[in-house]
Amino acid sequence: MPFNGSNGESRRSSMKVMLVGDPGDERNQLKAVLAGLVEPQLEIVEGEAANAANLSENASVPPDATLVMVNGNEEAALTFLQSQSLHSPRPTLLALLSARSAGLMKRALRSGADEILFIPLDPGEATRALLKVSEARWRTERREGGIVISVTSLVGGVGVTSMAANLALALESLHQRVALIDLDLQTGGLAIFLNLDPEVTIMPLVRLEHKLDSIQLESALTKHPSGVCLLAAPKRIEEGELVSDITVGTVLDLTRQLFDYVIVDCGDHVDENGVAAWERSDHLFYVLNQSIAAARSAWRFIDLFERLGLTTLEPHFILDRYRPSHPLTEKAIESTLAKPIYAKIPADDRTFETIEMKAQDLFQVAPSSPVARAMLDLAALVMPRTEPAAQPENFISRLKSAFSTHQSR
């Protein structure tokens, strides 16, 4: 159970929900069920599919969840769901179906519904679904401290580990305090990539009998010569099974209090630990390259991610080892995914060979290379926008200028 605060009662305010459907007895019955729920406390507003969009957009406080009755005029309800699913940010969308039809369920989910409930509405099912939304909102509101960035993929060998490490190095070079967390627990690639041999890994934090504190966390970190701190994966492959999503959540919540940026290498698969990291992330970067397999896997990831219902997080797609002359173009990949490419990291085999041979990092070996410049551009994109003070043009101000240019594209 999450921490309740000093009074244990007031950590959550009431939750605003919009009930959308044709007026009548059925909508009145649904409203009565919602009003009767003990938890979460609800503020209920009503509307019809034809005008609910305007009601939602013009509201001073947007709803946390929208419940859409898919009965009678199904097309209007599904069209409304689809229009609301395109908004960012958007409320959690729950479709209320009067018939347990597999075909209708598929249509509702494809129209953007995050979850399906059925009419007559079961109070227990409604409580479960709305508590899930409430808990997600509370976690977002409780986020304090540094920015968490998760890096993931469904395909091995596309550069997840190098992306996480080089982004951390780029942010460190901009005088940010940066921590790396290796959740690719079996591979443990971050320590290898950074030429580190950690004496301590995440395992002492897994075995803690008491609440994790900053001293215990700092004692588990390994410092890279650049200043980046690494929480390494276990040394033994089988120990990775002992790391739970609860441990990951606790570690991330504390790490973001100590660092400006926390970069999480989630590896090339999806598990509970990765999802726990995504739930706490401000940015999620999905890495792919110019291959058909990578593009297809990215499309599968989009489908999975939408079904997870993490409505406060939008994944961004990073094209690694990009070659303009490659037959599978950036435009073709964007068309396949129906998503834009957020950033491109150019292919530079010679630089990475030098990094490996010299056992040094990117910003030691080739700080002016196209790869290094691309990583600095990506770092600029995740740094909060600030108004530059009047001063002579220097490296940092040029980066801020580049950041503004990227944002305007």
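Each residue takes its place number in the sequence, starting with 1. The figures here come from the full heavy-atom set of this structure, side chains too, leaving out hydrogens, waters and symmetry mates. All values reported here derive from a predicted model rather than from experimental measurement.
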Polar side-chain atom of [X] near backbone of [Y] as donor-acceptor pair, under 3.5 Å:
X: Gln29; Y: Glu26; value: no
X: Thr187; Y: Gly189; value: no
X: His326; Y: Gln290; value: yes
X: Ser153; Y: Val287; value: yes
X: Ser101; Y: Leu104; value: yes

Would you find more than 12 non-hydrogen atoms of other residues, nucleotides or ligands less than 6.0 Å from Asp25 atom CG?
no
Would you find more than 12 non-hydrogen atoms of other residues, nucleotides or ligands less than 6.0 Å from Leu304 atom CG?
yes
Looking only at the aromatic ring of each residue, does the gap between the centers of Tyr286 and Phe317 stay below 6.0 angstrom?
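Ring-ring flag for Phe317/Tyr286: true, centres closer than 6.0 Å.
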Is it true that [X] and [Y] have a side-chain N and a carboxylate O under 4.0 angstrom from each other?
X: Lys331; Y: Glu334; value: no
X: Asp22; Y: Arg27; value: no
X: Arg323; Y: Glu330; value: no
X: Arg177; Y: Asp260; value: yes
X: Glu239; Y: Arg207; value: yes
X: Arg110; Y: Glu306; value: no
X: Arg307; Y: Asp303; value: yes
X: Lys339; Y: Glu314; value: yes

Over all atoms of both residues, closest heavy-atom pair of [X] and [Y]:
X: Val155; Y: Ala293; answer: CG2-O, 4.1 Å
X: Pro198; Y: Leu230; answer: CG-CD2, 4.4 Å
X: Asn289; Y: Ile333; answer: O-CD1, 4.2 Å
X: Leu42; Y: Leu34; answer: CD1-O, 3.6 Å
X: Asp282; Y: Gly146; answer: OD2-O, 4.0 Å
X: Thr201; Y: Ala232; answer: CB-O, 3.6 Å

Please tell me if the side chains of [X] and [Y] come closer than 4.5 Å, counting only heavy atoms from C-beta onward.
X: Asp268; Y: Leu154; answer: no
X: Val20; Y: Met69; answer: no
X: Ile149; Y: Val264; answer: no
X: Val45; Y: Leu19; answer: no
X: Leu205; Y: Val251; answer: yes
X: Glu115; Y: Arg128; answer: yes

Distance, nearest 0.5 Å, that separates [atom1] of [X] from [atom2] of [Y]:
X: Leu121; Y: Leu67; atom1: CG; atom2: CG; answer: 7.5 Å
X: Ile302; Y: Arg300; atom1: CD1; atom2: CZ; answer: 12.5 Å
X: Leu190; Y: Ser162; atom1: CG; atom2: OG; answer: 9.5 Å
X: Leu313; Y: Glu279; atom1: CG; atom2: CD; answer: 10.0 Å
X: Arg321; Y: Leu288; atom1: CZ; atom2: CG; answer: 11.5 Å

In this structure, which one of Ile345, Val160, Val158 forms a side-chain contact (heavy atoms from CB on, under 4.5 Å) with Ile318?
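Single side-chain contact (heavy atoms from CB on, under 4.5 Å) partner of Ile318 among Ile345, Val160, Val158: Ile345.
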Among Thr255, Asp265, Val248, find the residue that satisfies the side-chain contact (heavy atoms from CB on, under 4.5 Å) test when tested with Ile181.
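It is Thr255, the one option of Thr255, Asp265, Val248 that forms the side-chain contact (heavy atoms from CB on, under 4.5 Å) with Ile181.
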Hey, what's the ring geometry for Phe301 with Trp278, parallel, tilted or perpendicular (30° and 60° as the breaks)?
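Rings of Phe301 and Trp278: perpendicular, as their planes differ by over 60°.
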Derivation and outcome, side chain to side chain contact (heavy atoms under 4.5 Å, CB included), residues Met383 and Tyr261
CA-CA 9 Å; Met383 293 180 71; Tyr261 290 87; 3.4 Å; yes
Residues passing the salt bridge (Lys or Arg N to Asp or Glu O under 4.0 Å) test with Glu43, sequence neighbours excluded, are none
Distance under 6.0 Å and angle within 45° of ring axis: Arg100 vs Phe118
yes
Could you walk me through whether Glu218 and Lys223 pass the salt bridge (Lys or Arg N to Asp or Glu O under 4.0 Å) test, one step at a time?
CA-CA 10 Å; Glu218 288 173 347; Lys223 196 166 187 178; over 6 Å; no
